[in-house]
Each structure stands twice: as C-alpha cells, then as structure tokens.
Amino acid sequence: MAQLYVRDVPQLRPPGRTDLLQVLWCPTEHPPEHKPPTELFWRTAADVTHVLASPPKPSETQYGYTPEPCVLAPEQVTEYPNFLELDEELQQQLCDWSVWQEAGVAIDDSYAIAPQEFYMNELSEAPGWKVGGWAPWGLTDPVARFCINCGVAMSPLLTIASDECRDYRRGWVPYEDQAIGVLDADNVSNPPGIQVSDANHLQLYFCPTCFTHTDLIQ
C-alpha cells in the first residue's frame with residue numbers, strides 16, 4: 001500500500017533505529033466494519049538487502065483497493081483542526097464575517113453568509129494522503145482514540161484518501177499543479193486510484209509508546 005522513509009518524511013517518529021515504514025492491507029473489505037485490515041512494519045532500510053523485482057499480486061481484490069504504482073513527492077503544509085474540534089467560542093468567531101474583515105484576511109465575498117466554510121475548505125484538514133496532521137472527520141464527530149494496550153492517546157499516522165484534491169479546495173493544490181484546468185478528473189485528483197468504502201478515507205492511528213495501531217473510516 002505505501003512505503004515511507006524517514007529521510008523523506010521526518011514526521012514519522014519511528015521506534016528505535018528503524019527508518020522505514022511499510023503499510024500493507026488486504027485489498028478487500030472485511031466484516032464487521034467492512035474495511036481493509038491493515039498491518040504496519042517498521043524496518044531499518046539498511047537491513048533490507050533482498051528486494052523483489054516483481055512483488056506478488058493478490059489472488060483476490062475488490063475494486064478501489066489495489067493502488068496504481070506512484071512515486072511520492074512529500075511536502076510540508078500547515079493545516080488546522082476540524083471545525084468541530086474547536087471550542088465553542090472559536091467556532092462563533094469563525095462564523096462571524098466581521099471578525100474575518102477586521103483581521104484583514106483575503107477572503108472571497110461568496111463566503112460572507114457562512115465564513116466558517118472558508119476555514120473548512122481552505123485552512124483545516126489538508127485533503128489527500130498525508131502523514132500526521134489533523135484527522136479528517138465526517139462520518140462521525142471527532143472522538144479521541146486511545147491505545148488498547150497502554151491507554152495512551154493515539155496520534156494520526158497516515159491518511160489513506162480516496163482523492164487528493166478537488167476544484168472547490170484548489171487552495172491546497174501544490175504550486176506546480178496550479179495550472180491544471182480541472183482537478184475533479186479522477187486521473188488528476190486520484191492518481192493511485194484508491195476508493196475507500198464509497199470514496200471515504202482510512203485514517204491510521206498509532207500509539208507513540210508501544211506503536212500499536214488502529215484505523216477508522218472517515
């Protein structure tokens with residue numbers, strides 16, 4: 001599914017001397033939650049001496065769960081939490097058009113009726129695949145995740161997204177892709193061709209103490 005090196009993604013925070021994360025999943029949905037089960041393997045790249053020229057293909061797959069080979073070009077971005085994760089006072093401020101005007105924010109007048117949508121679309125929860133950051137919420141309200149082994153609060157590790165970006169969130173598009181006319185085409189918005197449970201996301205969480213992981217469809 002994904003192979004990430006700490007040299008490319010320093011936010012990984014791996015255990016011990018490992019510097020490579022390999023994320024595997026079964027390319028079919030399994031009950032009772034109807035999602036692909038995942039496994040994480042933290043490895044030391046220098047110890048991987050035998051690399052398969054042609055990895056074995058699964059005998060059975062479900063549409064949307066076999067990614068097209070892609071080379072990653074990671075970049076750091078600043079994002080803010082989901083609107084529902086903010087306290088009530090801050091939510092009210094974001095809903096007040098005059099607050100945005102007084103702050104001198106360059107914001108389109110189309111957001112005047114509901115300025116909080118500018119925050120949701122352009123400032124919170126960067127879309128697409130990402131390591132760390134703020135978890136996307138949508139199917140459920142935000143809820144903290146805790147390790148079943150040690151009780152420590154878990155952190156977002158990897159978002160496996162069903163698309164990278166859409167035209168209505170064009171502000172998140174990398175500079176080198178800004179000239180693309182239409183982002184909603186699947187070959188542009190979803191190069192890996194992944195569709196998680198009716199175009200949702202699979203959010204992986206990990207425990208920073210014992211490195212147990214869990215996942216949640218959002």
Side-chain angles (χ1 to χ4, degrees), residues 9-13 33-35 74-148 150-175 177-178 180 182-184 188-190 194-209 213-218:
V9 189
Q11 293 86 355
L12 279 176
R13 295 175 291 170
E33 296 179 315
H34 300 286
K35 61 184 178 181
E75 60 179 325
Q76 288 185 309
V77 298
T78 299
E79 64 170 3
Y80 296 93
N82 183 285
F83 182 79
L84 296 177
E85 292 199 60
L86 306 177
D87 62 50
E88 185 176 353
E89 181 180 358
L90 187 50
Q91 289 183 8
Q92 292 176 349
Q93 291 178 3
L94 293 175
C95 293
D96 188 338
W97 177 246
S98 65
V99 171
W100 292 92
Q101 291 181 307
E102 292 172 2
V105 178
I107 178 174
D108 191 275
D109 289 343
S110 62
Y111 285 108
I113 297 177
Q116 71 274 17
E117 292 186 4
F118 175 79
Y119 173 84
M120 297 175 184
N121 293 339
E122 304 293 343
L123 300 176
S124 72
E125 294 179 10
W129 291 56
K130 63 183 178 183
V131 172
W134 294 96
W137 297 99
L139 297 181
T140 69
D141 287 343
V143 57
R145 312 285 288 181
F146 295 94
C147 179
I148 61 174
C150 63
V152 170
M154 304 184 84
S155 301
L157 173 64
L158 177 66
T159 303
I160 299 175
S162 293
D163 58 49
E164 284 298 306
C165 198
R166 293 291 179 177
D167 281 314
Y168 77 97
R169 303 193 73 185
R170 183 171 281 272
W172 291 105
V173 177
Y175 288 118
D177 295 333
Q178 288 286 347
I180 296 176
V182 179
L183 296 173
D184 285 345
V188 175
S189 66
N190 186 16
I194 291 296
Q195 289 290 322
V196 177
S197 183
D198 296 326
N200 292 302
H201 306 314
L202 186 66
Q203 178 64 52
L204 272 59
Y205 296 84
F206 81 109
C207 172
T209 300
H213 90 283
T214 187
D215 50 49
L216 179 68
I217 287 183
Q218 282 295 335

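In this chain, residues are counted from 1 in sequence order.
Side chain of Thr214 to main chain of Tyr205: no donor-acceptor pair is present (N/O by atom type, distance under 3.5 Å, no hydrogens or angles). The closest donor-acceptor contact from the side chain of Ser155 to the backbone of Phe206 lies at 3.5 Å or more, if one exists at all. Judged by distance alone, the side chain of Gln91 and the main-chain N or O of Leu86 form a donor-acceptor pair under 3.5 Å.
In this structure, Phe118 CZ and Ser110 OG are separated by 10.0 Å, a value rounded to the nearest 0.5 Å. Note: Leu94 CG to Met120 CE = 8.5 Å, rounded to the nearest 0.5 Å. In this structure, CZ on Arg13 lies 8.5 Å from CG on Leu157, to the nearest 0.5 angstrom. Atoms CG and OG1, from Leu216 and Thr140 in turn, are 5.5 Å apart once rounded to the nearest 0.5 Å.
Annotation: side chain of Asn190 is in contact with side chain of Gln195 (closest heavy-atom distance under 4.5 Å). Side-chain contact check for Trp134 versus Pro142: every heavy-atom pair is 4.5 Å or farther apart. Using a 4.5 Å cut-off on side-chain heavy atoms (C-beta onward), Leu123 and Phe83 make no contact. In this structure, the side chains of Leu158 and Leu202 stay at 4.5 Å or more apart for every pair of heavy atoms. The closest side-chain heavy-atom distance from His201 to Val196 is not below 4.5 Å. Here the side chains of Ser197 and His34 are not in contact, with every heavy-atom distance at 4.5 Å or above. With contacts defined as side-chain heavy-atom distances shorter than 4.5 Å, the pair Leu84/Trp137 does not qualify.
Taking a 6.0 Å sphere around CD1 of Ile148, one finds it holds 12 or fewer heavy atoms contributed by other residues, nucleotides or ligands. Within a 6.0 Å radius of OH in Tyr80, other residues, nucleotides and ligands contribute 12 heavy atoms or fewer. Surrounding CG of Asp108 are more than 12 heavy atoms belonging to other residues, nucleotides or ligands, all under 6.0 Å away.
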Q) Does the pair Trp129 and Thr159 meet the rule for a side chain to side chain contact (heavy atoms under 4.5 Å, CB included), with working shown? A) CA-CA 5 Å; Trp129 291 56; Thr159 303; over 6 Å; no
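Of the listed residues (Glu125, Glu164, Glu79), just one forms a salt bridge (Lys or Arg N to Asp or Glu O under 4.0 Å) with Lys130, and that residue is Glu79.
Listed here is the closest heavy atom pair of Gln93 and Trp100: O-NE1, 4.2 Å.
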